Novice: 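I have a structure here, written as structure tokens, and I will follow up with some questions on it.
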Amino acid sequence: MANVMQEGAEAIMEIAEREALRLGKGLSIAVVDSGGFIVSIRRFDGARPMTPMIALSKAYTSAVMQRPSAMLKPWSNSDPAFFSQVSTMGHFPIVATGGGVTLKRDGEFIGGVGVSGGTPQEDEQLAQAILTELGYDTDFAEWAGAKKPAAGTD
């Protein structure tokens, strides 16, 4: 199994730093390999103290769940008791929020990236920009654990 390596993490960090400066935001970025192990993590100037750990949780989620962290929201909403148990089972929390993207190339999962410190939309946009600029795959199957709401309940 291939993994994102330091060279790939450095390319991600360059884009992240450029975009953080463009936004004028203090952000933190984390890159993990396919097993959720840290490859690189940075807290850029002005980032709040908790943002590195939040970024790491988003990256970890996206790597070990093999889909962007935002895709877990329907599962989290449809089965909150089970999700709350699963969310504490790994080395880092599993989170169902934007800003975490899965690194997948040619159909192979190689890691995850997490962004924290901006608005939820800014975190997600920056994470997506990384995938687009570096040519990572962006197609992922919907989460199988998400239950569809009963008719008339949404």
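We count residues from 1, following the sequence as given. Owing to the predicted nature of the structure, the values given are computational and were not obtained by experimental measurement.
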Novice: Could you work out, with side-chain contact (heavy atoms from CB on, under 4.5 Å) as the rule, every residue matching Asp139, not counting sequence neighbours?
Specialist: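 Scan of Asp139 (side-chain contact (heavy atoms from CB on, under 4.5 Å), adjacent residues dropped) gives Lys104, Asp137.
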Novice: Do side-chain atoms of Gln125 reach the backbone of Glu122 as a donor and acceptor pair under 3.5 angstrom?
Specialist: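 Such a contact is absent between Gln125 side chain and Glu122 backbone.
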Novice: Test of understanding: clusters of I, L, V, M, F, W, Y form through side-chain heavy atoms closer than 4.5 Å, transitively. Do Ile110 and Ile130 belong to the same one?
Specialist: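 Yes, same cluster.
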Novice: Ser84 side chain to Ala81 main-chain N or O, any donor-acceptor pair under 3.5 Å?
Specialist: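 A pair under 3.5 Å: yes.
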Novice: Do the side chain of Ser76 and the main chain of Leu72 share a donor and acceptor less than 3.5 angstrom apart?
Specialist: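 No; zero donor-acceptor contacts below 3.5 Å.
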Novice: Identify the residue among Glu19, Arg18, Lys25 that makes a side-chain contact (heavy atoms from CB on, under 4.5 Å) with Arg22.
Specialist: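 That would be Glu19.
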Novice: Write out all pairs satisfying side-chain hydrogen bond (donor to acceptor under 3.5 Å, both in side chains) with one or both partners inside residues 43-60, taking only residues at least two apart or from two chains.
Specialist: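 Sorted pair list: Ser28-Thr51, Lys58-Asp123.
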Novice: Can you run down the salt bridge (charged side-chain N to carboxylate O under 4.0 Å, His left out) pairs that involve residues 91-100, sequence neighbours left out, and say none if there aren't any?
Specialist: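 Residue pairs passing salt bridge (charged side-chain N to carboxylate O under 4.0 Å, His left out), neighbours aside: none found.
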Novice: Let me check something: do Ile54 and Phe44 share a hydrophobic cluster, defined by ILVMFWY side-chain heavy atoms less than 4.5 Å apart, either directly or through other members?
Specialist: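 No, Ile54 and Phe44 fall in different hydrophobic clusters.
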Novice: Same hydrophobic cluster for Leu56 and Val86, using side-chain heavy-atom links shorter than 4.5 Å among ILVMFWY?
Specialist: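 Yes, Leu56 and Val86 fall within the same hydrophobic cluster.
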Novice: Applying salt bridge (charged side-chain N to carboxylate O under 4.0 Å, His left out), which residue pairs with at least one partner in residues 109-119 are found, sequence neighbours left out?
Specialist: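 Not a single pair qualifies under salt bridge (charged side-chain N to carboxylate O under 4.0 Å, His left out).
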Novice: Using a 4.5 Å cut-off on heavy atoms from C-beta on, say whether the side chain of Ile12 contacts that of Leu134.
Specialist: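 Leu134 vs Ile12: side chains touch.
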Novice: Show every ring-ring contact (aromatic ring centres under 6.0 Å, His included) that has at least one partner inside residues 110-140, sequence neighbours left out.
Specialist: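 Sorted pair list comes back empty.
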Novice: Give the C-alpha distance, both sets of side-chain angles, the deciding distance and a yes or no for side chain to side chain contact (heavy atoms under 4.5 Å, CB included) between Val31 and Ile41.
Specialist: CA-CA 6 Å; Val31 179; Ile41 188 165; over 6 Å; no
Novice: Is a donor on one side and an acceptor on the other found under 3.5 Å between the side chain of Asn3 and the backbone of Ser34?
Specialist: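 Judged by distance alone, yes, a pair lies under 3.5 Å.
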Novice: Show me the donor-acceptor pairs, under 3.5 Å and distance only, between side chains in residues 91-103 and residues at least two apart or in other chains.
Specialist:
residue : atom : partner : partner atom : Å
Thr102  : OG1  : Ser62   : O            : 2.7
Thr102  : OG1  : Arg67   : N            : 3.1
Thr102  : OG1  : Arg67   : O            : 3.1

Novice: Could you see if Ile15 belongs to whatever hydrophobic cluster contains Val39? Use Ile, Leu, Val, Met, Phe, Trp, Tyr and a side-chain cutoff under 4.5 Å.
Specialist: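 In one cluster: yes.
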Novice: Could you tell me the separation between the CE atom of Met65 and the OG atom of Ser87, rounded to the nearest 0.5 Å?
Specialist: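 Rounded to the nearest 0.5 Å, the CE-OG separation comes out at 9.5 Å.
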Novice: Which atom names give the shortest non-hydrogen contact between Ser69 and Thr61, and what distance separates them?
Specialist: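 That closest heavy-atom pairing would be CB-CG2, 3.9 Å.
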Novice: Supply the atom-to-atom distance Glu10 CD to Ser40 OG, rounded to the nearest 0.5 angstrom.
Specialist: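 Those atoms lie 5.5 Å apart.
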Novice: Give a yes or no on this: more than 12 heavy atoms of other residues, nucleotides or ligands lie within 6.0 Å of atom CD of Glu7.
Specialist: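 At most 12 heavy atoms, drawn from other residues, nucleotides or ligands, come within 6.0 Å of this atom.
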Novice: Using only atom types and a distance under 3.5 Å, with no angle test, would you say the side chain of Asp79 pairs donor to acceptor with the backbone of Phe83?
Specialist: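 No, because the side chain of Asp79 does not come within donor-acceptor range (under 3.5 Å) of the backbone of Phe83.
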Novice: Do Ile38 and Val4 belong together in a cluster built from hydrophobic side chains that touch within less than 4.5 Å?
Specialist: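 No, Ile38 and Val4 fall in different hydrophobic clusters.
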Novice: Testing the basics here: between Ala59 and Ala30, what is the closest heavy-atom pair and its distance to 0.1 Å?
Specialist: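 Smallest interatomic distance, heavy atoms only, reads CB-O, 3.6 Å.
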Novice: Compare all side-chain heavy atoms of Ile29 with those of Val113 and state whether any distance is below 4.5 angstrom.
Specialist: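 Yes, close enough: below the 4.5 Å cut-off.
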